[in-house]
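Notes follow the structure.
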Amino acid sequence: MLRIAYHPAYVHPLRTGHRFPMVKYELIPAQLRYEGIVSAASFFQPNLAEIPTITLAHDGHYVAQLMDCSLDAKMVRRIGFPLSQSLVDRERYILDGTIQASLYALEHGVAFNVAGGTHHAGRDFGEGFCLFNDQAVAAAYLLAKGLAYKVLIIDLDVHQGNGTAHIFDGNPQVFTFSMHGDKNFPFIKECSDVDVPLPDGMEDAAYLTELKRNLDRIFTVFDPDFVFYQAGVDILATDKLGKLKLTAAGCKRRDEMVLDKCQQRGLSVQISMGGGYSTHIKDIVNAHVNTYKTAVDIFGF
């Protein structure tokens, strides 16, 4: 059974008109069930991640300030959400969801978190709607527990995974790969192990050629034993913030290339949804749902 982390707290109330499409976190599970891709039994509800787990990847002082909502106003503005206990709890649920999904992936080959991909959160900072970095914490958890030894994080959101690169800078057990818009947020980039900056307006063929070239090289050189995949859909031409020109078919082919590579090499992969800011919510949801369809097909659920 494909296992998928979901918690009602993923849908956090925001002011009317906020550009973050929070509603997608309730629409994705609903669409998956409506199309018969998975049943209700596939979903599991995560718990609140504990502080010792969070500090495997984040600075203790930064975590403490978030936990008691004493983070300074400048950092709160950098994050982009009003800080509250319910928001911090949401992030803790997301962290545990990705950790538990990674454990299910070890059993079943692949598992998902409906939310997550909070890749702008670094060791001691939050940014771009990200307080904690779910895949970084989960990677650190697997390493600490001896459940993985060489972790590859594939980040194909249109925005660089700067926080993930910041957390794992100099760590030989984690390889960070980010393929993102060159002239897009964050405007001050961190250094991933491999960064592929893309020009505005890139279309399917050029994007997929570049992705294949890098995937072939990275899997050969690093030879991971576990993969995290940040599957943001803000690469779509319909995205308000993305600046790339990929079609829905191109985005789906991207997922197929990543998951084919993992399945062929017998690697477990955890998938978090990442960003998506298309004008019409259906474009965001359908692109995310395609990622689930692709996993079901490739891993034989």
Of all residues at least two apart in sequence or in a different chain, which pass the side-chain hydrogen bond (donor to acceptor under 3.5 Å, both in side chains) check with Asp193? Thr176
What pairs of residues pass the ring pair (Phe, Tyr, Trp, His ring centres under 6.0 Å) test when at least one of them lies in residues 29-71, not counting sequence neighbours? Phe44-Tyr104, His58-Phe132
Could you go step by step and tell me if Asp255 and Tyr229 meet the side chain to side chain donor-acceptor pair (under 3.5 Å) rule? CA-CA 9 Å; Asp255 296 338; Tyr229 176 31; 2.6 Å; yes
Between the side chain of Lys189 and the main-chain N/O of Asn162, is any donor-acceptor distance below 3.5 Å? no
Taking the six-membered ring for Trp and the single ring otherwise, decide whether the centroids of His120 and Phe125 are under 6.0 Å apart. no
Gln230 side chain vs Gly232 backbone, donor-acceptor pair below 3.5 Å: yes
Verify side chain to side chain contact (heavy atoms under 4.5 Å, CB included) between Ser178 and Val196, making sure each step is shown before the conclusion. CA-CA 6 Å; Ser178 180; Val196 181; over 6 Å; no
Applying ring-ring contact (aromatic ring centres under 6.0 Å, His included), can you list everything that pairs with His159, at least two apart in sequence or on another chain? none
So, using ring-ring contact (aromatic ring centres under 6.0 Å, His included) as the criterion, who are the partners of Phe226 when residues are at least two apart? Phe228
With sequence neighbours left out, the residues meeting ring-ring contact (aromatic ring centres under 6.0 Å, His included) with His7 are Tyr93
Tightest non-hydrogen contact, residues Gly276 and Val233, listed as CA-CG2, 3.9 Å
Who else is in the cluster with Tyr149 when I, L, V, M, F, W and Y are joined by side-chain contacts under 4.5 Å? none
Between Arg123 and Asp169, is the closest basic N to carboxylate O distance under 4.0 Å? no
Least distance between heavy atoms, Asp225 atom then Ala148 atom: OD1-CB, 3.5 Å
Between Tyr10 and Tyr25, how do the two ring planes meet: parallel, tilted or perpendicular, split at 30° and 60°? perpendicular
Atom of Ala105, atom of Ser268 and distance for their closest heavy-atom approach: O-OG, 3.0 Å
Would Gln270 and Ser272 count as a side chain to side chain donor-acceptor pair (under 3.5 Å) if you check the C-alpha gap in whole Å, the side-chain angles of each, and the deciding distance to 0.1 Å? CA-CA 7 Å; Gln270 186 279 327; Ser272 291; 3.0 Å; yes
Just grab all the ring pair (Phe, Tyr, Trp, His ring centres under 6.0 Å) pairs involving residues 203-224, residues at least two apart or on different chains. Phe175-Phe222
What are the two closest heavy atoms between Gly60 and Thr55, and how far apart are they? CA-CG2, 3.9 Å
Within the 4.5 Å heavy-atom criterion, are Lys212 and Met257 side-chain neighbours or not? yes
Do Thr118 and Glu91 have side-chain heavy atoms sitting under 4.5 Å apart? yes
Can we say Lys261 and Asp216 salt-bridge, meaning some charged N sits less than 4.0 Å from an Asp/Glu carboxylate O? yes
Within-4.5 Å side-chain heavy-atom neighbours: Ile79 and Cys130: no
Heavy-atom donor-acceptor pair, Asp182 side chain to Leu198 backbone, under 3.5 Å: no
Which atom names give the shortest non-hydrogen contact between Val227 and Pro224, and what distance separates them? CG2-CG, 4.3 Å
For Ile188, the rest of its hydrophobic cluster, which grows through side-chain links under 4.5 angstrom: none
Going by heavy atoms in the side chains, are Phe301 and Ile37 under 4.5 Å from each other? no
Check ion pair Lys245-Glu203 (N to O, under 4.0 angstrom): no
Any donor-acceptor N/O pair, Asn214 side chain to Glu210 backbone, under 3.5 Å: yes
Would you say Leu32 and Ile28 make side-chain contact, with heavy atoms under 4.5 Å? yes
Might you work through the salt bridge (Lys or Arg N to Asp or Glu O under 4.0 Å) test for Arg254 and Asp204, ending with a clear yes or no? CA-CA 9 Å; Arg254 172 202 71 170; Asp204 290 1; over 6 Å; no
Inter- and intrachain pairs under ring pair (Phe, Tyr, Trp, His ring centres under 6.0 Å), touching residues 245-295, at least two apart: Phe112-Tyr292
Same apolar cluster: Val23 and Leu241, side chain cutoff 4.5 Å: yes
Check: Asp195 main-chain N/O paired with Ser192 side-chain donor or acceptor under 3.5 Å: no
Would Met1 end up clustered with Val114 when hydrophobic side chains under 4.5 Å apart are linked, directly or stepwise? no
Considering only heavy atoms from C-beta outward, does the side chain of Ile271 approach that of Val269 to under 4.5 Å? yes
Candidate pair Ile154 and Leu215, rule side chain to side chain contact (heavy atoms under 4.5 Å, CB included), full reasoning: CA-CA 9 Å; Ile154 299 173; Leu215 288 177; 4.0 Å; yes
With distance as the sole test, does Asp134 use its side chain to make a donor-acceptor pair with the main-chain N or O of Gly117 at under 3.5 Å? yes
How far apart are the closest heavy atoms of Val151 and Ala139, and which atoms are they? CG1-CB, 4.0 Å
Count I, L, V, M, F, W, Y as connected when their side-chain heavy atoms are under 4.5 Å apart, and connections chain through other members. Are Leu48 and Ile51 then in the same cluster? yes
Between Thr294 and Asp297, is a side chain to side chain donor-acceptor pair (under 3.5 Å) present by the stated rule, with each step listed? CA-CA 5 Å; Thr294 300; Asp297 290 343; 5.9 Å; no
Ring pair (Phe, Tyr, Trp, His ring centres under 6.0 Å) contacts in which one or both residues fall within residues 244-269, not counting sequence neighbours: none
Taking the hydrophobic residues Ile, Leu, Val, Met, Phe, Trp and Tyr, and joining any pair whose side-chain heavy atoms are under 4.5 Å apart, which ones share a cluster with Phe187? Phe185
Say whether, by atom type as modelled, one donor and one acceptor occur between the side chain of Asn133 and the main chain of Ala136 under 3.5 angstrom. yes
Carboxylate-amine/guanidinium contact Arg92 Asp89, below 4.0 Å: yes
Applying ring-ring contact (aromatic ring centres under 6.0 Å, His included), name anything that partners His108, two or more places apart in sequence or on another chain. none
Less than 4.0 Å between a side-chain N and a carboxylate O, is that true for Arg3 and Glu107? no
CA sep, side-chain torsions, deciding dist, call: Met22, Phe81, side chain to side chain contact (heavy atoms under 4.5 Å, CB included): CA-CA 12 Å; Met22 193 68 72; Phe81 289 144; 4.1 Å; yes
For side chain to side chain contact (heavy atoms under 4.5 Å, CB included), just list the numbers for Arg33 and Ser39, CA-CA rounded to whole Å, side-chain angles, deciding distance to a tenth of an Å, and then say yes or no. CA-CA 6 Å; Arg33 294 192 299 270; Ser39 69; over 6 Å; no
Flag if over 12 foreign heavy atoms under 6.0 Å of NZ, Lys240: yes
Quick one: do the Asp155 and Thr164 side chains pair a donor with an acceptor below 3.5 Å? no
Below 4.5 Å, heavy atoms only, C-beta onward: do Ile281 and Lys24 meet side chain to side chain? yes
Within the 4.5 Å heavy-atom criterion, are Val289 and Val285 side-chain neighbours or not? yes
